[in-house]
Amino acid sequence: MPDVTPPTLTNADLARVLHEIGDLLEVKGELVFKSVAYHRAADAVERSPHDLVVAYRAGDPPDVPGVGRAIADKLAELATTGRLGYHDRLLEEFPPTLLDLLRLPGLGPKTVRLIYTELRIATLDDLRAAAEAGRLRNLRGLSAATERRLLEAIAGAAARTRRLHLDEGEAIVERLIAALGTVSGVRRVVAAGSFRRRRETIGDLDLLAETDDPDRLVERFVTLPGIAEVLARGSHKAAVRLERGPQVDLMLMPPGEAGAYLVHFTGSKEHNVRLRAIARDRGWSLSEKGFVRIGADGEPLVGPDAELLTFGTEAEVYAFLDLEFVPPELREDRGEVEAAGTGRLPRLVDLADLRGDLHSHSDWTDGVHSIEAMAETARRRGHAYQVLTDHSVSLAITRGMAPDRVLLQRRVLAALNARYAAEEAAGTAPPETPPEGFRLLHGCELEIRADGRLDFDDELLASFDVVVAALHQGRRQSRAELTARCLVAIRSPHVDVLAHPAGRMIGERDDLELDWDVLYEEAARSGTALEINGSPHRLDLAAERARRAVELGCLVAIDSDAHRTSEFDHLRWGVSQARRAWIGPQVVVNTRDRAGLIAWTRRRRGSP
DNA sequence: GCCGTTTTCGGCCCGACTGTTTTCAGTCG
C-alpha cells in the first residue's frame, strides 16, 4: 500500500500556488482580471487567520474574501490531495522557470511570453546566452539596448533581493530628506510608501516632495552621492538605485495640493483601488493629482471641462469620499475602508500612551550597557517604569542568571530606586520624569526549557515584579511539543508576558510551528499578555497574528527588548506594529501606570 | 475569476516613464 497521505501544507503554501497560477496566466495572456483575481485570492489566503488546509479537509472552509467558487474548488483539491491538476497543466504549458524571468525588472509577462514562444527561452541562463549572442534584437520591440538592460538585470538580480528592516529604511530616508530639503524651491520632503505604512520590511523607498522648482530638485536627486544608477527621470518623478541599497523613487507635487499625492503614494495599492472604486461610484475619477468628474461616456472629462479638484491634506481627500481619516498603518484593504465609511475605525495605540517597557537587558547577561545606564535612558524618555528582564540561568549563551545573581541584582535595583526617590523628593530628577516618578522594576526573561519546565521555581518567580517567558532552545521540536511548552508558561500564574511568541527573525528564521488559536485562547483565558517585540528584526507577533489574538481576547505588551541604550527607540516599531494590528491602548498592559501594572501582576499571582 | 441595497452580467484604478516608435505598447508603482 503506497503512502497516500498528502503533505501538510500551510496557508503560505496555498498562496504560493495561487500566485504562481496568477503569474502563469499573465504570461499566457489571459484576461488580466483573471490573474489579478488569483493574486488577490492568494494574498487573502496567506493572511487568513484560519488554517485553511485543516478547514478544507474538514469540509468546512471559512469565507475568504476574493475566493469564489472556482478558486475554492481548487483549494479543496490542493488541501485534500496536495496537488492541483489545473496548476500542473499550466506548468506543462509554461515551465516554472519562466517565473524567474518575470522577476527581472523591466521584463514583463508580454515579453516573457514572446521570447518563450519565439525562442524557447525559459531560464535565466538561456536568456543570458541569447542576450550575449544578440539573438533577442530580432524580436519585435526588442533591441540591442534591451539585451544590455537584461544582462544588467540578470547580473544584479541576486543583490537586489534583500529587503530592508524598518530601522535601515529610516536611516536612508532621513539622510535623503536632509539632503533634498535644502534644495531651493523645496517646501517639504516626506516619506511615503510601505515605509510610511510601517510594513515589516521595505523593498524600495518612496519620497514625496512639494516644490516650486521640480527640475532643480530632480537634478539634485539624481546626482546625490551614493547613487549607483539613475533608473528614470522625468518632470513628475525620478527613480534611482543606491549603491548597496534599495531603489528610491522621488515623486514631485505642486505646492498646496499634497492630499491626493500622499494618499496615492502611501498606498497600499489595494487600499487605493478601493478608494478609486468609491470615487468612481460617485462620479469621480481619483488619481494622484486629485479628482476629475467622469463624463457620460464613463471616462474622466478631458480638456477645458476637466477641472481638477485638489486638496491640501489627506484628511480632506478621505472626507470628500465620506470616509474617516485612515492612519497609514491600516491602509492594506483589510477592512479599514469599510470601517472608515461607518465611523468605526479604532483609536489606535500611540507611543505616548506607553508608560513603561516590560522587556530590557543589561550587561549582567547579554546586554551591552550597565543597569544604571539603561535606567537613565529609560528615565529620560519620561517613562514611569522600566522592567529589567535579564535572562534566566539555562540560556547559557547569554550568561543567564542563577538565583543567587538574581538576588544580587535586586539589591542594585533597590539602591538605584532609592536614589531616584530622593532626587524626585529634592526636585533634582530629570525634567522628563512623570508625576508618579520613575522606578526600575525587577523582572526576568524566563527560559522555557526544551523539556517543557520553567527555569526558576515558583517561589523565586513570585518575587519578581514582572516575568516575561520565552523559548529560545529546542526550536525544532514538533508543533505539539512546542505548543505544549508555550502553554506551560501561559498557564503559570507567575508568567505575565509571553515574549516574542513566534520566535522569528525577519528574513532569517521562520515562525515557530504552533497551534496559534489554542495559544491565543489559553492566553486570553489566563490573562497572560502576548508580546509585540519592537526589535525591527523581530516585530513578533506579526500584525495579522496580533490582530487575531486580540480579537480572541488577548492582552498584549509592547516592548523594546533593548540590549543597549539606543534600542529603547525600538518601542516605536512595536507601536507601529500594534497599530497595524488594529490595537488600541486599552488592551496594551504597559499603557497602565506603575501602580496599575503592579496591581495587574499581583492579581495574576493570586496575592493581594 | 470575483462580485453585487445601483448589477447574476458586465463591470473590474490610474498615470508616468521608457524604448522603439512614427502614435503606442509594455512595465511599473
Side-chain angles (χ1 to χ4, degrees), chain A residues 18 21-22 25-44 63-75 86 101-115 136-137 139-150 153 192-194 203-208 214 218 222 230-240 246-253 260-261 263-292 294 298-300 302 308 321 333 337 341:
Chain A
L18 294 182
I21 292 173
L25 291 176
E26 274 189 75
V27 174
K28 191 172 175 180
E30 280 277 3
L31 201 63
V32 284
F33 296 115
K34 196 163 160 178
S35 78
V36 166
Y38 275 96
H39 288 300
R40 287 171 84 103
D43 288 336
D63 236 6
V64 179
V67 174
R69 183 66 189 278
I71 294 183
D73 286 346
K74 293 184 174 70
L75 287 176
Y86 181 66
L101 306 191
L102 212 46
R103 306 271 174 273
L104 290 176
L107 190 56
K110 297 287 196 299
T111 314
V112 168
R113 174 183 167 83
L114 180 70
I115 61 177
L136 297 178
R137 65 188 68 171
L139 297 178
R140 215 172 79 82
L142 304 186
S143 68
T146 317
E147 293 170 345
R148 226 171 20 249
R149 271 192 307 110
L150 285 175
S194 55
D204 56 26
L205 295 169
D206 299 286
L207 297 177
L208 268 176
V218 167
V222 299
V230 177
L231 302 167
R233 60 178 301 177
S235 53
H236 296 82
K237 61 175 65 171
V240 301
Q247 178 175 333
V248 183
D249 293 351
L250 175 67
M251 269 71 62
L252 308 174
M253 49 190 180
Y261 284 90
V263 170
H264 177 87
F265 289 109
T266 297
S268 65
K269 187 163 152 251
E270 293 75 17
H271 179 81
N272 289 350
V273 166
R274 296 296 308 277
L275 297 187
R276 286 176 174 154
I278 292 174
R280 182 160 273 277
D281 287 346
R282 295 164 171 239
W284 294 90
S285 168
L286 171 61
S287 78
E288 67 263 43
K289 294 178 185 156
F291 295 93
V292 176
I294 292 174
E299 295 294 321
V302 291
L308 182 69
L321 296 173
D333 189 23
V337 177

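By convention in this document, chain letters (A, B, ...) are assigned in the order of the sequence lines, proteins followed by strands, and residues within each chain are numbered from 1. As the structure is a computational prediction, the values presented were derived from the model and not from experiment. Note that these values count all heavy atoms, side chains included, but never hydrogens, waters or copies made by symmetry.
Comparing Ser287(A) and Gly66(A) along DNA chain B, the residue whose closest nucleotide (by nearest heavy atom) sits nearer the 5' end is Gly66(A). In terms of position on DNA chain B, the residue among Thr146(A) and Ala277(A) whose nearest nucleotide sits closer to the 5' end is Ala277(A).
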Please tabulate, one pair per line, each protein N/O and nucleotide N/O from nucleotides 26-29 of chain B that are separated by under 3.5 Å, including the distance.
from	atom 1	to	atom 2	distance (Å)
dG26(B)	O3'	Thr111(A)	OG1	3.3
dT27(B)	OP1	Gly108(A)	N	2.7
dT27(B)	OP1	Gly108(A)	O	3.1
dT27(B)	OP1	Thr111(A)	N	3.2
dT27(B)	OP1	Thr111(A)	OG1	2.5
dT27(B)	OP2	Lys110(A)	N	3.2
dT27(B)	O5'	Gly108(A)	N	3.4
dC28(B)	OP1	Gly106(A)	N	2.4

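The salt bridge (charged side-chain N to carboxylate O under 4.0 Å, His left out) test applied to Arg148(A) returns no partner, not counting sequence neighbours.
For the pair Leu231(A) CG and dG19(B) P, the interatomic distance rounds to 11 Å; values are reported in whole Å. Here dG10(B) presents its C1' atom at 12 Å from CG of Leu31(A), a figure rounded to the nearest Å. Atoms NE2 (His236(A)) and P (dT18(B)) sit 13 Å apart, rounded to a whole Å. Put simply, CZ on Arg280(A) is 17 Å from P on dG10(B), counting in whole angstrom units.
For the pair Val337(A)/His271(A), a side-chain contact is recorded, criterion being any heavy-atom separation below 4.5 Å from C-beta on. In this structure the side chain of Ile115(A) reaches within 4.5 angstrom of the side chain of Leu101(A), judged on heavy atoms. For the pair Val273(A) and Asp333(A), the minimum side-chain heavy-atom distance is 4.5 Å or more.
Contact annotation: Ser285(A) side-chain N/O to dC14(B) OP1/OP2 distance is under 4.0 Å.
Nearest nucleotide to the side chain of Lys74(A), out of dT18(B), dC14(B), dG1(B): dG1(B). The Lys289(A) side chain lies nearest to dG15(B) when the options are dC2(B), dG15(B), dT18(B).
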**Request:** Using a 4.0 Å cut-off on protein heavy atoms (strictly under), produce a 5'-to-3' string for nucleotides 4-9 of chain B with B for base contact, S for backbone-only sugar-phosphate contact, and - for none.
**Result:** --B---
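If you check dG11(B) for Watson-Crick or wobble pairing at under 3.5 angstrom, you find it paired to dC2(B).
Aromatic ring pairs are classed by plane angle as parallel below 30°, tilted from 30° to 60° and perpendicular above 60°; the pair Phe291(A) and Trp284(A) is perpendicular.
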**Message:** Walk me through whether Arg137(A) and Thr146(A) qualify under side-chain contact (heavy atoms from CB on, under 4.5 Å).
**Reply:** CA-CA 8 Å; Arg137(A) 65 188 68 171; Thr146(A) 317; over 6 Å; no
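As judged by a 4.0 angstrom heavy-atom cut-off over every strand, Val67(A) is placed among residues touching the sugar-phosphate backbone only.
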